[in-house]
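Shown next, in structure tokens, is the structure this report addresses.
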Amino acid sequence: MILTELQVEGFRRFTAPVTLGGLKPGLNVLAAPNEAGKSTLLMALRAALTLRHTSKSQPIKDLASYGGSAPHVLLRFTWNGVPCALEKRFLARSCMRLTRGPDRYEGDEAEEQLRLMLGLTEAGRGEAAGLWNALLVGQGESFALPALSEAGHASIRSCLSQGVEVVTGGAAASAVLGRVKEQLGLLQTATGRPTGLYKKAMEQEAEAENLLAQLEARKNRLEEDLVALAQARRLLQEQANPDRKMQDEAALAALRVERDKATKLEAEEQAARATVNVAQVHSTNLKQEQQSRQENRERIQQLTKSQTAAQQALDALEPRMQQAQQRVEQARQAREAAEAAQELARRQRALSAQQAGLAHQQQRLGQEQASLRRVEAAYTQLEQAEAVLAALRCVDDACMDRLHKADRLCAQLQAQREAQAPTLTLTLLPEAAEQVKINGAACKETSQQVLQETVLEIAGVGTVTISPAQQDQTGLAGKWEQAAAQRALLLQQMGCQTMADAATHYARYRQAQTRVTEARATYHASLPHGQAGKEQGAAHLVALRKAVAEQEAQCALSEQAVAALQVSGVAQDAVSPEAAAEAEDQAARQAEAARQAEREAQTVFSTAHTQQQAALVAVREVGQALQQAQREETVYLSHKTDDALAADLTQAREDLAVATARLEQLEQHRAEARPLATLESGIARYEQKLEASRTRISQLQIEIREREAHVRFAEGDGLDEQIAATERTVERLKQDREGYERSRAALALLQQTVSAAEQEQTERYLAPLVKTMQPAFSSLFPGGALTLNTQFGVEAITRRQTEEFSKLSDGTREQIAVLVRLGFAELLQSQTGNSLLVLDDALSFSDSQRLERLFDVLTDAASRFQILVLTCHAESFAALGGNLLSLQSLESFTELR
Amino acid sequence: MKFVHTSDWQIGRTFRFVDDETQGALQAQRVDVIRRLGLLARAQGAAHVLVAGDIYEHETPTERTLYQPMERMRDFGDLHWHLIPGNHDAHTPDGVWHRLMRDGGVPENVTVHCQPGAVQIDSAENVWLLPAVLERRHVLTDLTAYMNDAPTPPGAVRIGLAHGSVTGFGNGEEAQHNPLALDRAKQAGLAYLGLGDWHGFCQIDARTCYAGTPETDRFTTGGGGGGEALVVTVQGAHAVPDIQRHRTGHYIWKKLDAVTLTTAEDIQALEARVRSIAPDNPGAVLAWLTVTGLLSVDDLALYESTITRRLRAAVACLRVAGSPQLSAGLDDLDRFGSSGAIRSAAQTLLKQAEGGGEEGAIAADALQRLFLLWNDGKGAAA
């Protein structure tokens, strides 16, 4: 198809006619600014090719010009080299004309011819659908993959099946599948839920089953009613039996008569029993009085005897009382004497004890005093020894140690000096000794050490001064002098002149110390045990003296006590404590014996006194009782004589016998009759029975009426017949439903199987389409591969990895979508020799490099079929080249007349 | 004395396997047969029609069903109709007979015998009817036993009428309910004993017969197959009665078991067989076919058109149990072409169908439908 001219009038902004002329085979470009009417031209082209001229649908109305004139379009094109023209006017004065070479068509015939040429089918609302719709790409549509109608699919399949020998029956499969879907759609929804007749059969079956259940329930109720009705009728017949009622009423009347008689008999019996009771009481009273009188008389006699005996017993008790009293007095006196003797013996024993204690105290005092004297003597000796020791200079062991040490030092130093000193040895004649003096003193020794300058004076000779060879070179002389001075100081402190003197003092001091120690030991030894103390010697002595003084005071007190006891009349003779105790014990025993005797006498007296009192009481009581009995006797006699009483008693006994006989007679009658309670319960039972029967009859009549009404209602409905009819309906509906189920299962399986087969086939024959698209695709995406789905859409592209189409960028998706449409056009061209691609404002998101490649692809494709590019980006699309177009106004629209 | 013996009208009976239209027609014929019985009696000069029970199918029929037979009998005022209850319409309290009598629905020329005992029905010929009366659906005693001792005047023609199963007639289990002595006629000195309950004619002995239902109501009736009434002529108390069978039924019920179909000829033979049941009036035929067999694609299509469509429309009711199975081979699949989606789908379905079982049956059904759709498609294309 080569489009050569497009005239438009009354389309949206084009109120006046315009033409797009100069169209040539290959690539045609209309570059115009926004709102120049490019999209309107595309709409007009689409309307001319796909919209029915008679349609009044909204898409048609939307095409109308702003001025209100009817949309009018004219196309001139060649179809397989044959020149054609197409004119369409929509809405007002709608018309269509189509010329193809010499052929000319108008109206609907022209529409049909056009659709046959283009392979379009009716898609509703006056619109035709097919693959051509995908080749006229409007503004914004290039971003999406073409949405193909079933006719579009069919067109592609048609193209593909012509190109692939092995593929046959694709359209047939679609047709079969369509019919299967259609038939299945009558039975189930898209989601598989029952619908249509199938659903209706299911619902009707459920309804019928429900109705059947209701009918059967009613039938059951009817049968229950029938059973209950029969039962109620039997009961009513039984209850309403008149013979039975009469029998019951007669029985009730008889029972009532018998009950009245029994009631009367009971009253008479009660009266008779009362009479018997009265007679019995009267007779008993008289009998008792008679008996009481006899008893009273016997009692008077007995009491008189008792009174005499009691008086005699009282009189006999008097001497015993006096004797007992005397014995009591005697015993009291004896007891007092014994108690006085006991007291005296007690005092004697106390005195003896005091005296023995005093003697013991005095003995101990003597011992204590002797001990005190010994201690005092030892203490005096100790004081004397301590005084001697105190009078001596203190030359103890320490002083002596220091002195001996100083002395030994002096001697050592002296020895050293002497060892160093020259020895002067003189051998003198005995007579010469006086003449020779050494340092002024006579020379007594023949040899001595010269420790210092020594002057040897020899009478008559002169003096010889001998000096030591060395003048104390080592300082020994100084040391010796120091030591000697120390020794001298010590001696001075000790008050001694020499070492010997010191030794003497030391011996004396030691002796004095020994004596003090001895005296102290003596003193301590003299102290009583437990008082020895090393430090408080004097304190012990003082305490001892105090103790002795206290004992002396106690002795004095004891002596006073003894004296006091002695003055209280106790025997002066000293008696041993043991003897005194013995005497006291004896006196005590005697006193206790006297007290016992007194108690016994007292008991005897008390017994006698008690007996006497009892005898007195007995005499008094007997007297009173006797008086009482005598008074009663008087009263009896004053009321009624004994004879009169006896006569009354006889009469009373006769009355009782009469009343008892009457009572026995009545009781006999009662025993023969039925008990009143039984009669009453029998009457009540019959009354209740009759009443219940009346009530029951009434209830049964009501029940029967109700049941009969139920039965008549149910039988009028013909329940059994209805049940049979409903059972039949249920069965038939079940058969229907099962039939539908079988159909559904078969159709679903058929659909599934045919779809699967069709998909498999489609995938096989998609290969040529992919092959057709692949060169253009490879130009744009070198090394890439396309994957199409069964709906001829792009599923994914594979470059380094597979990418889903929906996840690609907008620009890439648009480029691919354009390539797909290009592929469709290519396919259509190769199979039918007629194709066309119109792109309106496409590829505006592509980068310059991709755009360049796309231009190459479009240019290449345009060598096989016509491509019309509408764009507002004149500068970007300048590189595309092609035949540049422009819109031109027309004087008037060219009609195909 | 000549009378018509009939029984088991079963008015109100429903038929589950027929469509609503046929059901209505069948029910209508059950009522119309009363008219044919009346006409038969008139034609044969019989003054009495004895109906041996089961006049009604249900214990509680609708008002219309209840009154329909009564009104039909009322139309024949010159005839006297004697009815006894059957097991379907036993004389229970508040039952059908109670309803009719209570509401005055029984015409004067109709006598419902609700009490056992001899009743004179023809004084001229001294004919006495001894009815057996079922008061429950089932009884275990022989209700005809009383007939042995039922008094009738000397020389009386004693005719028994009962509903039940004779015992010792190869029907042990059935005869447990409502049993009847096999030789009751002999025991009770009956000139004739008319029985009901069995729907096909059956003569027990020279004096004892089941008349069967006057309008057949099932495929398996047994005996004479039903659709008949008996015209009985009794010449005297001890004479052997003359029993004549007369066709009264409208519909012909026929059951054809084990019909095996493997070829187109079998299908055509089957059609001919069914049509031959009543060549003049196939619309009165109810046929029950039990069909098995394997048919090719074309034969199956033939079966569908010949039997399922045409023959079904020709007869009153065509009840088909079972169906011939599709016997398709790879050759049959060639009609889908040598390749393509449909051919591929058909091959898949054929394989599944050959697997058998429930799934196989569904696959066979699907394949059959595919053939039909394909043929229809071709027809549409043509």
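In what follows, every chain begins at residue 1, and chains take the letters A, B, ... in the order their sequences are listed. Since we're looking at a predicted model, the values are computed, not measured.
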Within a reach of under 6.0 Å around [atom1] of [X], are more than 12 heavy atoms found that belong to other residues, nucleotides or ligands?
X: R102(B); atom1: CZ; value: yes
X: K255(B); atom1: NZ; value: yes
X: R16(B); atom1: CZ; value: yes
X: E203(A); atom1: CD; value: yes
X: K200(A); atom1: NZ; value: no

Between A757(A) and A345(B), which heavy-atom pair has the shortest distance, and what is it?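 Shortest heavy-atom contact: CB-N, 3.8 Å.
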Grab the two heavy atoms, one from V18(B) and one from R732(A), that are nearest each other, plus how far apart they are. O-NH1, 2.9 Å
Can you tell if the side chain of L750(A) reaches within under 4.5 Å of the side chain of L373(B), non-hydrogen atoms only? yes
Residue pair T753(A) / Q347(B), side-chain heavy-atom distance below 4.5 Å: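 Not touching, per the 4.5 Å side-chain cut-off.
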Chain B heavy atoms under 4.5 Å from [X]: which part of the residue, side chain, backbone, both or neither?
X: S743(A); answer: both
X: A724(A); answer: both
X: L229(A); answer: side chain
X: L226(A); answer: side chain
X: Q751(A); answer: neither
X: L222(A); answer: side chain
X: V711(A); answer: side chain

[X] versus chain A, heavy atoms under 4.5 Å apart: side chain, backbone, both or neither?
X: F15(B); value: backbone
X: E63(B); value: both
X: V96(B); value: neither
X: A364(B); value: neither

How many angstroms lie between atom CZ of R728(A) and atom OG1 of T14(B), to the nearest 0.5 angstrom?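 Reported to 0.5 Å precision, the distance equals 7.0 Å.
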Looking at chain B, which one of Q722(A), R233(A), R712(A) has the largest number of heavy-atom pairs inside 4.5 Å, strictly under? R712(A)
Under the 3.5 angstrom rule, does the side chain of T60(B) hit a backbone N or O of D720(A) as a donor-acceptor pair? yes
So among I362(B), D365(B), L367(B), which one has a side chain to side chain contact (heavy atoms under 4.5 Å, CB included) with L749(A)?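 Only match with L749(A) under side chain to side chain contact (heavy atoms under 4.5 Å, CB included): I362(B).
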Show the numbers, then the answer: is there a side-chain contact (heavy atoms from CB on, under 4.5 Å) between R179(A) and R369(B)? CA-CA 11 Å; R179(A) 295 193 60 188; R369(B) 285 167 190 270; over 6 Å; no
